[in-house]
Peer 1: 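Take a look at this one; I'll ask things after.
Just so it is clear, the model here is predicted, and its values are computed rather than measured.
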Amino acid sequence: MFVVCLDGSLPAYHLHRGFGAGARNWLLQFEGGGWCNDIESCLERAKSRRGSTRYMTKWEVFSGILSNNASLNPDFYNWNRVKLRYCDGASFAGDAVFKNGTSLLYFRGQKIWEAIILDLLPKGLGQARKALLSGCSAGGLASFLHCNNFTKYLPSDASVKCLSDAGFFLDERDITSNHTMRYFVKDLVSLQGVEKNLDENCTASSLDFPELCFFPQYALKFITTPFFILNSAYDVYQFHHILVPSSADPHGHWNRCKLNPAACNPEQLNTLQEFRRDMIVAMGLFYKYSRRGGLFINSCFAHCQSESQDTWFSADSPRVHSKTIAEAVGDWYFSRRITKEIDCPYPCDTTCHNLIP
């Protein structure tokens with residue numbers, strides 16, 4: 001069984017050892033970077049750092065939630081911190097091979113996840129007292145997909161929790177009422193052999209459309225491990241690729257609005273507010289009934305806020321109810337206080353860093 005990236009290169013992770021009181025605590029961070037759902041896009045991906053360790057940097061900057069500086073990351077700075085490099089195209093969840101005589105692609109995300117965990121267990125993860133599985137974007141989605149499984153590897157008396165940053169991708173129609181994202185996911189799940197690795201209770205309850213369990217809103221209620229959802233209500237990736245993909249706006253009516261929310265006309269703003277409402281509704285049961293869950297939904301036009309120092313924890317970080325993201329996550333993880341923060345709608349939040357690519 002080959003445990004390899006899309007192009008056949010070996011997978012990788014970066015480990016920064018914990019120290020002092022954090023020596024037996026572990027933070028694992030799934031790297032993000034989109035997906036590929038057809039042979040053409042996966043072949044392209046295999047020639048980049050998103051599909052091959054051959055193109056990756058040997059060194060990674062650990063900042064934000066991965067920082068080892070107590071003043072920049074007060075709750076997790078002295079933990080063992082691991083970045084799992086992303087080199088499949090299905091949020092570490094596929095298990096298939098494609099070959100047609102000329103092209104060969106390995107969809108081994110699930111096996112990469114399992115191999116990295118098995119490699120880390122004898123390095124101390126197997127004796128962890130505290131553990132947090134996190135990730136951003138496609139890595140945030142991986143946190144949803146692997147959270148329950150992660151718990152099974154760790155000591156039964158360990159405190160194990162999961163965090164998704166910008167991974168709550170909605171099963172939402174685009175502005176032309178097409179299910180662009182749903183069809184994308186259907187192709188991805190089929191191509192990369194993901195279905196057998198999705199939560200069995202979820203797929204059993206979604207028998208007609210088991211691929212829907214790739215979406216966090218359907219998988220969430222089957223996650224039994226304490227979970228924290230960090231997301232922007234106007235997530236830039238979702239705004240640009242789920243709500244207003246280029247296929248839905250061939251004449252570019254949304255181009256100015258996409259680059260600058262202040263340039264959106266009233267109708268466009270209304271569409272964005274409806275998207276925010278749908279996201280909050282999709283999290284409604286979790287918000288109301290999850291006793292061990294946490295939530296930080298701000299109104300910034302951003303995508304991924306835990307790995308960047310200025311949005312994670314700094315003097316001018318985004319805040320909801322005067323709480324930074326780092327404080328919210330720390331309060332939740334250490335059960336200092338209940339953390340379920342939902343921001344008022346755009347444009348009310350003056351602390352935002354609107355990070356539009």
Peer 1: Determine whether Ile338 and Leu295 fall in the same hydrophobic cluster, where Ile, Leu, Val, Met, Phe, Trp and Tyr are linked whenever their side-chain heavy atoms lie under 4.5 Å apart.
Peer 2: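 No, Ile338 does not connect to Leu295 through the hydrophobic network.
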Peer 1: Heavy-atom distance under 4.5 Å between the side chains of Phe184 and His241, does that happen here?
Peer 2: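 They are not in side-chain contact.
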Peer 1: Does a side-chain N-to-carboxylate-O contact under 4.0 Å join Asp75 and Arg336?
Peer 2: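 Judged by the 4.0 Å cut-off on N to carboxylate O distance, Asp75 and Arg336 do form a salt bridge.
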Peer 1: With under 30° as parallel and over 60° as perpendicular, where do the rings of Tyr333 and Trp79 fit, or are they tilted in between?
Peer 2: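 It falls in the perpendicular class, over 60°.
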Peer 1: I'd like to know if Asp249 pairs up with Lys258 as an ion pair, taking the criterion as any Lys NZ or Arg NE/NH1/NH2 lying under 4.0 Å from an Asp or Glu carboxylate oxygen.
Peer 2: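 Looking at Asp249 and Lys258, the cut-off is not met.
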Peer 1: Would you call Asp119 and Leu125 a side-chain contact if the rule is heavy atoms closer than 4.5 Å?
Peer 2: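 SC-SC contact between Asp119 and Leu125 ruled out.
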Peer 1: Could you label the plane-to-plane angle of the Phe62 and His16 rings as parallel, tilted or perpendicular, counting under 30° as parallel and over 60° as perpendicular?
Peer 2: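 Tilted: the ring planes of Phe62 and His16 meet at 30° to 60°.
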Peer 1: Measuring only between side-chain heavy atoms, which start at C-beta, is Phe286 closer than 4.5 Å to Phe168?
Peer 2: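 When only atoms from C-beta onward are counted, Phe168 and Phe286 do not touch, as no gap falls below 4.5 Å.
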Peer 1: Treat each ILVMFWY residue as a node, draw an edge where side-chain heavy atoms are under 4.5 Å apart, and state whether Ile325 and Ile229 are in one component.
Peer 2: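 No, Ile325 does not connect to Ile229 through the hydrophobic network.
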Peer 1: Report the relative orientation of the aromatic rings in Phe2 and Tyr106; use parallel for angles under 30°, tilted for 30 to 60°, perpendicular for over 60°.
Peer 2: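 Rings of Phe2 and Tyr106: perpendicular, over 60°.
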Peer 1: Quick test of your reading of the model: are Glu274 and Arg277 salt-bridged, counting only N-O distances below 4.0 Å?
Peer 2: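 Judged by the 4.0 Å cut-off on N to carboxylate O distance, Glu274 and Arg277 do not form a salt bridge.
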Peer 1: Could you check whether Glu31 pairs with Arg50 (Lys NZ or Arg NE/NH1/NH2 to Asp/Glu carboxylate O, under 4.0 Å)?
Peer 2: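 A salt bridge is present here (some side-chain N lies under 4.0 Å from a carboxylate O).
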Peer 1: Given side chains that start at C-beta, do those of Phe301 and Cys352 come closer than 4.5 Å, heavy atoms only?
Peer 2: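 Answer no - side chains too far apart.
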Peer 1: Tell me, do His146 and Ser91 make a side-chain contact under 4.5 Å, heavy atoms counted?
Peer 2: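 Counting from C-beta outward, His146 and Ser91 never come under 4.5 Å.
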Peer 1: Students often mix this up, so state it plainly: with edges at 30° and 60°, are the rings of Phe169 and Trp35 parallel, tilted or perpendicular?
Peer 2: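 Correct class here is perpendicular.
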Peer 1: For His251 and His253, take the angle between the two ring planes, folded into 0 to 90°, and tell me which bin it lands in: parallel under 30, tilted 30 to 60, perpendicular over 60.
Peer 2: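 If you compare the ring of His251 with that of His253, the planes turn out tilted.
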Peer 1: Taking the six-membered ring of Tyr86, is NZ or CZ of Arg45 closer than 6.0 Å to its centre and within 45° of its axis?
Peer 2: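 Yes, Arg45 sits over the ring of Tyr86.
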Peer 1: Within the 4.5 Å heavy-atom criterion, are Phe296 and Pro318 side-chain neighbours or not?
Peer 2: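 Phe296 does not reach Pro318 side chain to side chain.
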Peer 1: Do Leu27 and Leu72 belong to the same hydrophobic cluster, where Ile, Leu, Val, Met, Phe, Trp and Tyr are linked whenever their side-chain heavy atoms lie under 4.5 Å apart, directly or via other members?
Peer 2: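 In one cluster: no.
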Peer 1: Taking the inter-plane angle between the rings of Phe30 and Phe92 on a 0 to 90° scale, is it parallel (under 30°), tilted (30 to 60°) or perpendicular (over 60°)?
Peer 2: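 The arrangement is tilted - the two ring planes meet at 30° to 60°.
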Peer 1: Any non-hydrogen side-chain atom of Asn149 less than 4.5 Å from a side-chain atom of Ile117?
Peer 2: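 The answer is no; the side chains never approach within 4.5 Å.
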Peer 1: With a 4.5 Å heavy-atom cut-off, do Met56 and His14 have their side chains touching?
Peer 2: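 A side-chain contact is absent here, since even the closest heavy-atom pair is not under 4.5 Å.
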